[in-house]
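One structure is given here, and the rest of the page talks about it.
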Amino acid sequence: MKGATAERARHHRRAARLSAALATIALLAGCAGIGGGPGRPAGPAPASLSQQRWQLEQDLAGTPVEVAAAEGGYRVSVPLKYSFDRQRSAVKPPLAAVLDRVARVVRSGEGLRLRVSAPSDRAGADLLAQDRAASVRDYLVARGVPRARFTEPGPATPGGGVEVLVAPAR
């Protein structure tokens, strides 16, 4: 009987973790249904970096994603736990929802440069950070952002988040 109770407790803990993960995914993926989502016209792209930033701030309000002014443009930061699984470089669905929003607002903006920074899981895992940054870049390219707009990846920090910096080309 004791073993069955412990198994039930483990099952409930797993179910609670899965439920929390799905709620987070729904929260972040829900932003993909705001304006210009699948089946909705996207309309014209915002004309300026401040308008792009404003649009992303509106689309991502209420999520753990941060959109802030930076280096003459703006930076979109997504916490690591929503971006990649441990020791993996495949983009998770919550990050994909955010990147879909970013691609929508930047793909037609002429004269922009993008720099992607992705974290490693621990210090010294620079190859993982580079693979993750490449995955983010490739995801955005697949969504119509020209590859030529990307600069070298930014520095990686252990445990940080994914950052996409959008700034004027210099």
Side-chain angles (χ1 to χ4, degrees), residues 21-22 24-49 51-61 63-68 70-71 73-121 125-157 160-170:
L22 290 174
T24 300
I25 290 170
L27 173 70
L28 288 174
C31 70
I34 300 171
R40 295 185 189 94
S48 72
L49 285 170
Q51 288 174 324
Q52 289 179 8
R53 188 181 82 229
W54 180 85
Q55 183 63 53
L56 286 169
E57 287 170 344
Q58 298 304 305
D59 287 355
L60 301 170
T63 70
V65 177
E66 183 181 313
V67 180
E71 300 182 36
Y74 59 90
R75 178 183 324 269
V76 179
S77 302
V78 182
L80 176 59
K81 69 181 181 178
Y82 304 113
S83 304
F84 300 101
D85 287 324
R86 189 163 170 70
Q87 297 296 312
R88 300 283 184 252
S89 61
V91 171
K92 287 173 71 170
L95 176 59
V98 172
L99 295 177
D100 288 341
R101 309 305 315 153
V102 170
R104 184 178 60 81
V105 300
V106 303
R107 73 176 142 231
S108 63
E110 295 297 322
L112 297 179
R113 289 285 178 239
L114 286 82
R115 184 180 73 211
V116 176
S117 298
S120 59
D121 290 335
D126 292 338
L127 185 56
L128 178 60
Q130 291 171 5
D131 287 347
R132 287 175 169 177
S135 291
V136 170
R137 181 203 61 220
D138 293 346
Y139 187 93
L140 289 168
V141 168
R143 298 311 178 274
V145 179
R147 186 179 213 93
R149 290 200 189 145
F150 289 88
T151 64
E152 289 299 313
T157 56
V162 170
E163 293 185 351
V164 178
L165 174 68
V166 180
R170 295 179 200 231

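Count residues from 1 along the sequence. Side chains included, hydrogens not; waters and symmetry mates left out as well; all remaining heavy atoms used. From a predicted model like this one, the values you see are computed outputs, not experimental measurements.
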- prompt: Taking everything shown except Glu152 itself, do over 12 heavy atoms lie less than 6.0 Å from its CD?
  reply: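 Atom CD in Glu152 is not packed in, count stays at 12 or less.
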
Might you point out which heavy atoms bring [X] and [Y] nearest each other, and give the distance in Å?
X	Y	value
Arg132	Pro119	NH1-O, 2.9 Å
Val106	Gln52	CG1-OE1, 3.7 Å
Ser89	Ser135	O-OG, 2.7 Å
Gly154	Ser117	CA-OG, 3.2 Å
Ala118	Ala129	O-CB, 3.4 Å

- prompt: Who passes side chain to side chain donor-acceptor pair (under 3.5 Å) against Arg147, sequence neighbours left out?
  reply: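 Arg147: side chain to side chain donor-acceptor pair (under 3.5 Å) contacts with Asp138.
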
field: Residue list, side chain to side chain donor-acceptor pair (under 3.5 Å) with Arg143, at least two apart or on another chain
entry: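 Once residues adjacent in sequence are excluded, the partners of Arg143 under the side chain to side chain donor-acceptor pair (under 3.5 Å) criterion are Asp100, Tyr139.
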
Please examine the side chains of [Y] and [X], heavy atoms only from C-beta on, and report whether any two atoms are closer than 4.5 Å.
X	Y	result
Gln130	Leu127	yes
Arg149	Glu110	yes
Trp54	Leu49	no

- request: Could you check Val76 against Glu66 for side chain to side chain contact (heavy atoms under 4.5 Å, CB included), going step by step and ending with a plain yes or no?
  value: CA-CA 6 Å; Val76 179; Glu66 183 181 313; over 6 Å; no

- request: Would you check, one step at a time, whether the test side chain to side chain contact (heavy atoms under 4.5 Å, CB included) holds for Leu165 with Glu71?
  value: CA-CA 8 Å; Leu165 174 68; Glu71 300 182 36; 3.4 Å; yes

[X] side chain to [Y] main-chain N or O, any donor-acceptor pair under 3.5 Å?
X	Y	value
Arg137	Val116	no
Lys92	Lys81	yes
Arg115	Glu163	no
Gln58	Gln55	no

message: Could you work out, with salt bridge (charged side-chain N to carboxylate O under 4.0 Å, His left out) as the rule, every residue matching Glu57, not counting sequence neighbours?
response: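 Glu57: salt bridge (charged side-chain N to carboxylate O under 4.0 Å, His left out) contacts with Arg53.
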
query: Do Arg88 and Asp121 meet the salt-bridge criterion of a basic N to acidic O distance under 4.0 Å?
result: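 Arg88 and Asp121: not salt-bridged.
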
